[in-house]
Amino acid sequence: MSAVSAPVRGILWMVVTGLCFVGVTALVKLLAGRVPAAESAFLRYVFGLVFLLPAWRSLAALRLSKRQLGLVTLRGAAQTAGVICWFFAMTRIPIAEVTAMNYLTPVYVTILAVFVLGERLAMRRIMAIVVALGGALLILRPGFRELDPGHFAMLGTALLFSVSYLIAKIISGEMSAAVVVALLSITVTIGLFPFALNVWVTPSWGDLGILFLVACFATGGHYAMTLAFAAAPVTVTQPVTFLQLVWSVLVGALFFAEPVDPWVVMGGAIIMGAVLFITWREAVLKRRVAPAGPEAQS
């Protein structure tokens with residue numbers, strides 16, 4: 001047995017996950033818009049295909065049903081649009097705001113699950129969703145400041161990623177995690193190609209190096225997150241994701257001269273608190289239904 005307990009391992013892997021993802025945002029910010037958003041996203045995914053080589057045999061032997069093919073294609077389209085919006089937002093608004101608004105994704109997933117999966121929402125989870133949306137309003141503060149297109153892009157990003165995650169939840173029981181990730185990378189690369197071609201500029205070797213590092217950090221982040229989820233429950237690892245906002249604020253202030261906005265930190269904390277409550281309620285629900293099996297409402 002390892003000297004480090006499973007919950008501690010889960011927390012440590014989630015810390016690594018957060019550092020990797022903050023590294024991704026910082027590197028994209030470093031591009032400073034020299035490479036268009038769609039092209040940057042395309043090149044990041046092209047480089048990421050290198051990490052799919054171990055899964056090539058599984059992909060070659062894969063036979064998708066018409067329904068699975070439709071779901072995989074829909075997920076790729078949603079992720080493609082979301083990635084373009086995210087890369088665009090990174091060139092327009094501070095890193096901390098991108099990170100804080102990205103916390104809305106689990107909230108959107110909870111809402112969409114009602115319509116797509118037929119899940120039911122009790123009043124407590126509805127209130128948590130309302131609180132999270134209030135946190136988003138604190139970040140945006142419409143009417144008190146001029147909103148940038150990057151803010152609207154991030155609202156779209158969170159919604160599109162929630163569609164992607166929800167489809168992943170549907171198909172994850174039908175194929176291995178490695179295949180699910182590989183199919184996403186392939187479909188997004190294909191989906192991004194025409195958008196990248198339309199705005200193509202020849203990147204410098206330095207920018208190509210940055211985008212390769214983005215692919216490395218993104219792949220490392222997803223791998224570390226998988227290890228975290230395997231080592232400990234989501235209710236243990238989820239709170240650690242709030243550190244991403246702390247690190248984003250520090251990176252933005254120290255390396256990009258972005259002023260620390262207390263409203264953004266407060267709004268992010270409120271959204272994260274609501275997400276933690278939703279996660280906790282889902283964990284409680286699973287514990288309740290596991291012994292007896294009847295469907296319950298959380």
Side-chain angles (χ1 to χ4, degrees), residues 21 24-25 27-29 31 33-49 52 64 67-95 97-117 132-133 136 139-140 147-172 180-201 203 211 214-215 217-219 221-222 225 271:
F21 288 156
V24 168
T25 58
L27 287 167
V28 173
K29 193 78 172 178
L31 287 173
R34 292 189 300 273
V35 182
E39 182 183 346
S40 297
F42 171 71
L43 291 172
R44 169 261 181 269
Y45 272 90
V46 167
F47 288 133
L49 291 178
L52 299 183
L64 297 177
R67 169 186 164 276
Q68 289 173 331
L69 182 61
L71 288 172
V72 167
T73 302
L74 179 59
R75 188 188 183 204
Q79 189 80 10
T80 296
V83 166
I84 293 175
C85 289
W86 185 86
F87 271 78
F88 173 74
M90 279 302 307
T91 66
R92 303 283 309 191
I93 60 178
I95 293 176
E97 295 191 27
V98 170
T99 302
M101 293 182 69
N102 209 38
Y103 288 145
L104 285 171
T105 298
V107 178
Y108 287 154
V109 170
T110 302
I111 297 172
L112 288 176
V114 175
F115 301 99
V116 178
L117 302 180
L133 296 178
I139 296 170
L140 296 173
L147 295 180
D148 188 273
H151 292 116
F152 297 105
M154 272 311 299
L155 289 174
T157 296
L159 179 59
L160 289 162
F161 282 173
S162 69
V163 172
S164 174
Y165 293 157
L166 201 59
I167 296 174
K169 183 176 181 180
I170 295 172
I171 63 176
S172 61
V180 171
V181 173
L183 287 173
L184 179 66
S185 297
I186 293 170
T187 53
V188 173
T189 304
I190 295 172
L192 287 170
F193 176 70
F195 295 99
L197 196 62
N198 188 53
V199 295
W200 189 268
V201 297
L211 288 167
V214 168
F217 274 106
T219 303
H222 285 291
M225 184 168 57
I271 296 172

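Position 1 is the first residue of the sequence, and the numbers go up from there. Everything numeric here is computed off the predicted structure, so don't read it as measured data.
How far CD1 of Ile190 is from CZ of Phe42: 10.0 Å, rounded to the nearest 0.5 Å. In this structure, CG in Leu27 is found 6.0 Å from CZ in Phe217, a value given to the nearest 0.5 Å. Separation of atoms OG (Ser40) and CH2 (Trp86) is listed at 10.0 Å; rounding is to 0.5 Å. Residue Ile170 holds its CD1 atom at 6.0 Å from CG of Leu71, rounded to the nearest 0.5 Å. The distance from atom OG1 of Thr91 to atom CZ of Arg34, rounded to the nearest 0.5 Å, is 12.0 Å. To the nearest 0.5 Å, the span separating CG on Leu69 from CG on Leu64 amounts to 6.0 Å.
Nearest heavy atoms, Gly150 versus Ile93: O-CD1, 3.8 Å. The shortest heavy-atom contact between Thr105 and Ala158 is OG1-CA, 3.4 Å. Contact record, Leu160 with Gly82: CD1-N, 3.5 Å, taken as the closest heavy-atom pair. Of all heavy-atom pairs between Pro194 and Gly191, the closest is CD-O, 3.4 Å. Heavy atoms only, all atoms of each residue included: Ala215 and Gly48 are closest at CB-N, 3.9 Å. Minimum interatomic distance between Val199 and Ala38 (heavy atoms only, all atoms of both residues): CG2-CB, 4.2 Å.
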- Yes or no on side chain to side chain contact (heavy atoms under 4.5 Å, CB included) for Phe161 and Val83, after CA distance, side-chain angles and deciding distance? CA-CA 8 Å; Phe161 282 173; Val83 166; 4.1 Å; yes
- Where do Leu31 and Val214 land on the side chain to side chain contact (heavy atoms under 4.5 Å, CB included) test, with the steps shown first? CA-CA 11 Å; Leu31 287 173; Val214 168; 5.8 Å; no
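For Ala113, the side chain to side chain contact (heavy atoms under 4.5 Å, CB included) partners at least two apart in sequence or on another chain are Leu117, Glu119, Leu166. Residues satisfying the side chain to side chain contact (heavy atoms under 4.5 Å, CB included) test with Ala136, not counting sequence neighbours, are Leu104, Ile271. Under the rule for a ring pair (Phe, Tyr, Trp, His ring centres under 6.0 Å), Tyr108 has no partner lying at least two apart in sequence or in another chain. For Thr80, there are no side-chain hydrogen bond (donor to acceptor under 3.5 Å, both in side chains) partners two or more places apart in sequence or in a different chain. Judged as a ring pair (Phe, Tyr, Trp, His ring centres under 6.0 Å), and not counting sequence neighbours, His151 has no contacts. Evaluation of the ring pair (Phe, Tyr, Trp, His ring centres under 6.0 Å) rule for Phe152 yields no partner, not counting sequence neighbours. Scored by the side chain to side chain contact (heavy atoms under 4.5 Å, CB included) test, Pro203 finds Val35, Glu39, Leu43, Trp200, Asp207, Leu208 as partners (sequence neighbours excluded). Every side chain to side chain contact (heavy atoms under 4.5 Å, CB included) that Ile111 has, sequence neighbours left out, goes to Val107, Phe115, Ile129. Residues satisfying the side-chain hydrogen bond (donor to acceptor under 3.5 Å, both in side chains) criterion with Arg44, sequence neighbours excluded, are absent altogether. Residues satisfying the ring pair (Phe, Tyr, Trp, His ring centres under 6.0 Å) criterion with Phe21, sequence neighbours excluded, are His222.
Taking the side chain as every heavy atom from C-beta outward, Leu155 and Leu140 approach each other to under 4.5 Å. Side-chain contact between Thr157 and Met101: absent, with no pair of heavy atoms (C-beta onward) separated by less than 4.5 Å.
Sorted by first then second residue, the salt bridge (charged side-chain N to carboxylate O under 4.0 Å, His left out) pairs that include residues 148-164, not counting sequence neighbours, are Arg92-Asp148. The list of side-chain hydrogen bond (donor to acceptor under 3.5 Å, both in side chains) pairs with a residue in residues 70-79, not counting sequence neighbours, reads Arg75-Ser164, Gln79-Ser164.
Counting heavy atoms of neighbouring residues, nucleotides and ligands inside a 6.0 Å radius, atom OH of Tyr165 exceeds 12 of them.
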